[in-house]
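Structure record follows, encoded as structure tokens.
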Amino acid sequence: MPFEVLPLDFYGCSTQTVARELLGKLLVRTLSRRRLIGRIVETEAYLAKGDTACHAARGRTKSNAAMFGPPGRAYVYPIHSRHCFNIVTEADGVGTAVLIRAVEPIEGIDLMQEHRDRDRRLELTRGPGRLCQAFAIDRHFDHWNLTKGRQLWLADDGTQFDEKDAGISTRIGVTSGRELPLRFFLRDCPYVSGPQRLKQ
DNA sequence: AAAACGATCTACT
DNA sequence: GTAGATCGTTTTG
């Protein structure tokens, strides 16, 4: 499968645009001479303004510093004994990112299953915490430059989806006034969280 | 120093 | 569908 590493300028535009454009892109991880690949099927945008759920909303701290870095870096955050993998967007210092919520496993599935305690269900890579477990992504990737690293990067194999394949949903639990269309997902993909979790 | 919280997940029914 | 586990980070006293 031929593919190219995503260039840095891919991440520099608006967070929602990056979140939408990331659908179909490949998440690539190499470890112990093996390669894991997943196709991104669900993302979520976290904005600098009007988004109280965004970790950057209450200012910069030691633990969210990566989010304020230049676009194309990883921001990895631990929660509930697992990790969430984000990609920094927009300009250096802004504090926005896209959370990768689900991928479809493409290559190295047996190793992903080992990381997930032999999980052979759809849940192998469905959900931000589970996909990090499957790909062995943890905080040591915080601040990681995703275009230069040999262990973790994103790639494009030319796969595109049109509007009828890609859905947009408001985020559950946004507390600031109106709800915003921040969640992007591929319709009819079993690795996307169930439709009951995606409020239209 | 203690308490509260959460960008989650599992194990139930 | 939802109660409960779980733990690093942040907030509060």
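The shown structure was predicted, so the numbers you read here are calculated from the model rather than taken from an experiment. By convention in this document, chain letters (A, B, ...) are assigned in the order of the sequence lines, proteins followed by strands, and residues within each chain are numbered from 1.
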Would you kindly give the CD1-to-P distance between A/Ile79 and C/dC7, to the nearest whole Å? 13 Å

Using a cut-off of less than 4.0 Å, is there contact between a side-chain N or O of A/Arg130 and OP1 or OP2 of B/dA7? no

From A/Thr125 atom OG1 to A/Phe135 atom CZ, the distance as rounded to the nearest 0.5 Å: 7.0 Å

Rounded distance in Å - CG (A/Asn86) to P (B/dA7): 11 Å

Rounded to whole Å, the CG-C1' distance (A/Asp117 to B/dC9) equals 14 Å

Separation of atom NE2 in A/His83 from atom P in C/dT6, rounded to whole Å: 17 Å

May I ask you to say what A/Tyr75 touches in the nucleic acid, namely base, sugar-phosphate or nothing, with a heavy-atom cut-off under 4.0 Å? base

Please write out the pairs of protein N or O atoms and N or O atoms of nucleotides 9-13 of chain C separated by less than 3.5 Å, giving the distance to one decimal.
from	atom 1	to	atom 2	distance (Å)
C/dT9	OP1	A/Arg139	NH1	2.4
C/dT9	O3'	A/Ser63	OG	3.1
C/dT10	OP1	A/Thr61	OG1	2.7
C/dT10	OP1	A/Ser63	OG	2.6

One pair to check against side-chain hydrogen bond (donor to acceptor under 3.5 Å, both in side chains): A/Gln133 and A/Arg116. What are the steps and the verdict? CA-CA 6 Å; A/Gln133 195 177 10; A/Arg116 287 266 312 145; 2.7 Å; yes

Could you check how far OH of A/Tyr46 sits from P of B/dG6, rounded to whole Å? 12 Å

A/Glu114/A/Arg34 ion pair, N-O < 4.0 Å: no

Got a second to check how far A/Arg29's CZ is from A/Leu31's CG, nearest 0.5 Å? 4.5 Å

Rounded to the nearest Å, what distance is computed from the CG atom of residue A/Leu131 to the C1' atom of nucleotide B/dC9? 13 Å

From B/dA7, C/dT6, B/dT10, nucleotide with atom closest to A/Arg82 side chain: B/dT10

A/His80 atom NE2 is separated from C/dG8 atom P, nearest whole Å, by 12 Å

Within the sub-3.5 Å range, which N or O atoms of nucleotides 11-13 of chain B have a protein N or O partner, and how far apart are they?
none

Please lay out, stage by stage, how A/Leu36 and A/Met112 fare under the test side-chain contact (heavy atoms from CB on, under 4.5 Å). CA-CA 8 Å; A/Leu36 306 180; A/Met112 296 182 202; 4.1 Å; yes

Are any of the side-chain nitrogens in A/Arg101 or A/Glu44 under 4.0 Å away from the carboxylate oxygens of its partner? yes

Using whole Å, report how far CZ of A/Arg126 lies from C1' of B/dT10. 13 Å

side-chain contact (heavy atoms from CB on, under 4.5 Å) assessment of A/Trp153 paired with A/Thr30: CA-CA 9 Å; A/Trp153 69 92; A/Thr30 52; 4.0 Å; yes

Is the A/Tyr75 ring parallel, tilted or perpendicular to the A/His55 ring (thresholds 30°, 60°)? perpendicular

Any chance CG of A/Asp188 has more than 12 other-residue heavy atoms, nucleotides or ligands included, within less than 6.0 Å? no

Between A/Asp165 and A/Glu163, is a side-chain contact (heavy atoms from CB on, under 4.5 Å) present by the stated rule, with each step listed? CA-CA 5 Å; A/Asp165 300 316; A/Glu163 292 310 310; over 6 Å; no

Stems in DNA chain B: runs of 3 or more consecutive Watson-Crick or G-U pairs, distances under 3.5 Å? B:1-6 with C:7-12, B:8-12 with C:1-5

For the residue pair A/Thr159 and A/Arg39, confirm or rule out a side-chain donor-acceptor distance under 3.5 Å. yes

Taking atom types as modelled and ignoring hydrogens, do the side chains of A/Glu90 and A/Ser14 form a donor-acceptor contact shorter than 3.5 angstrom? no

Where the side chain of A/Leu99 is defined as all heavy atoms beyond and including C-beta, which of C/dC7, B/dA7, B/dT10 is the nearest nucleotide? B/dA7

